[in-house]
Engineer: 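First, the structure itself, so that you have it in front of you.
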Amino acid sequence: MAGPLRLLGHWLGHAWAAPAALVGLLLALCLWRRGQRWQRRQGTLEIDLGLAERADARYGAITFGQVIVGRNATQLALLRTHEQVHVRQYRRWGLLFFPAYALSSLWQWLHGRDPYRDNAFEREAYRLAPTHGKTLKSL
């Protein structure tokens with residue numbers, strides 16, 4: 001019985017996060033570029049925008065549900081583990097992820113902390129993807 005319940009939970013998580021994934025798809029369509037590549041990887045749709053590298057690699061990708069939009073293939077590869085944590089967060093929070101993430105950032109900012117690094121969702125992603133920060137600093 002655990003198998004069918006686990007499968008049901010998996011699909012309910014995808015359905016719960018689907019509206020956020022639609023936001024990611026709409027963003028990708030708005031940013032459509034010649035040569036843009038889309039690929040399925042680890043249960044997500046990754047969209048490579050084909051943009052140049054930047055010195056601030058901290059913002060190399062963003063996740064919306066099961067859609068990960070990255071500046072380029074290098075950034076997607078470096079950030080994949082971190083962004084996969086956000087995919088799981090969307091499966092737990094669904095559309096509530098947007099206000100919860102914003103409120104966590106606002107709380108950190110109001111308390112004089114970094115709204116990105118100290119955000120509870122980012123802290124979890126960095127904790128579960130520990131090589132993420134070290135790898136990005138080398139760019």
Engineer: Using the side-chain contact (heavy atoms from CB on, under 4.5 Å) rule, take Leu25 and Leu45 through it: C-alpha gap first, then chi angles, then the decisive distance, then the call.
Structural biologist: CA-CA 9 Å; Leu25 289 172; Leu45 177 62; 3.5 Å; yes
Engineer: Would you give the length of the straight line joining atom OG1 of Thr63 to atom NE2 of His82, rounded to the nearest 0.5 angstrom?
Structural biologist: 7.5 Å
Engineer: Can you classify the ring geometry of Phe97 versus His86 as parallel (below 30°), tilted (30 to 60°) or perpendicular (above 60°)?
Structural biologist: perpendicular
Engineer: Using modelled atom types only, decide if a donor and an acceptor are shared between the side chain of Asn72 and the backbone of Leu51 within a distance under 3.5 Å.
Structural biologist: yes
Engineer: What is the distance from atom OG1 of Thr81 to atom CD of Gln42, rounded to the nearest 0.5 Å?
Structural biologist: 7.0 Å
Engineer: Classify the ring geometry of Phe121 against Tyr101: parallel below 30°, tilted from 30° to 60°, perpendicular beyond 60°.
Structural biologist: parallel
Engineer: How many angstroms lie between atom CD of Gln84 and atom CG of Leu79, to the nearest 0.5 angstrom?
Structural biologist: 11.5 Å
Engineer: Quick check on the hydrophobic clustering: are Leu128 and Leu76 connected, directly or via other members, by side-chain heavy-atom contacts under 4.5 Å?
Structural biologist: no
Engineer: Between Glu46 and Arg37, is there a salt bridge with N-O shorter than 4.0 Å?
Structural biologist: no
Engineer: Side-chain heavy atoms nearer than 4.5 Å, only ILVMFWY residues, links allowed to pass through others: does that put Ile62 and Leu103 together?
Structural biologist: no
Engineer: Can you list everything that forms a side-chain hydrogen bond (donor to acceptor under 3.5 Å, both in side chains) with Trp38? Sequence neighbours excluded, please.
Structural biologist: Gln36
Engineer: Identify the heavy atoms of Gly65 and Ala20 that sit nearest to each other, and give their distance.
Structural biologist: N-CB, 3.7 Å
Engineer: Atom CZ in Arg88, atom CD in Gln66: separation rounded to 0.5 Å?
Structural biologist: 13.0 Å
Engineer: Out of curiosity, Ile47 CD1 to Gln39 CD, how far, rounded to the nearest 0.5 Å?
Structural biologist: 10.5 Å
Engineer: If you take all heavy atoms of Ser105 and Pro115, which pair is closest and at what distance?
Structural biologist: OG-O, 2.9 Å
Engineer: Taking a hydrophobic cluster as the set of Ile, Leu, Val, Met, Phe, Trp and Tyr residues connected by side-chain heavy atoms closer than 4.5 Å, whether directly or through intermediates, do Leu22 and Tyr90 fall within one such cluster?
Structural biologist: no
Engineer: Report yes or no: do Leu27 and Leu95 belong to one cluster of Ile/Leu/Val/Met/Phe/Trp/Tyr joined by side chain heavy-atom distances under 4.5 Å?
Structural biologist: yes
Engineer: Taking side-chain hydrogen bond (donor to acceptor under 3.5 Å, both in side chains) as the definition, give me every residue that meets it alongside Arg92, ordered by chain and number, with sequence neighbours left out.
Structural biologist: Glu124
Engineer: Apply the test side-chain contact (heavy atoms from CB on, under 4.5 Å) to residues Arg40 and Thr44: give CA-CA distance (whole Å), side-chain angles for both, the deciding distance (0.1 Å), then the verdict.
Structural biologist: CA-CA 6 Å; Arg40 296 242 336 123; Thr44 65; 5.8 Å; no
Engineer: Can you check whether Ala120's main-chain N or O pairs, donor with acceptor, with Ser104's side chain at less than 3.5 Å?
Structural biologist: yes
Engineer: Using the ring of each side chain (for Trp, its six-membered ring), is Tyr116 parallel, tilted or perpendicular to Tyr126, with breaks at 30° and 60°?
Structural biologist: perpendicular
Engineer: Determine whether Val87 and Ile68 satisfy the following criterion, side-chain contact (heavy atoms from CB on, under 4.5 Å), listing intermediate values before the conclusion.
Structural biologist: CA-CA 8 Å; Val87 169; Ile68 302 171; 4.2 Å; yes
Engineer: Would you give the length of the straight line joining atom CZ of Arg123 to atom CG of Asn119, rounded to the nearest 0.5 angstrom?
Structural biologist: 9.5 Å
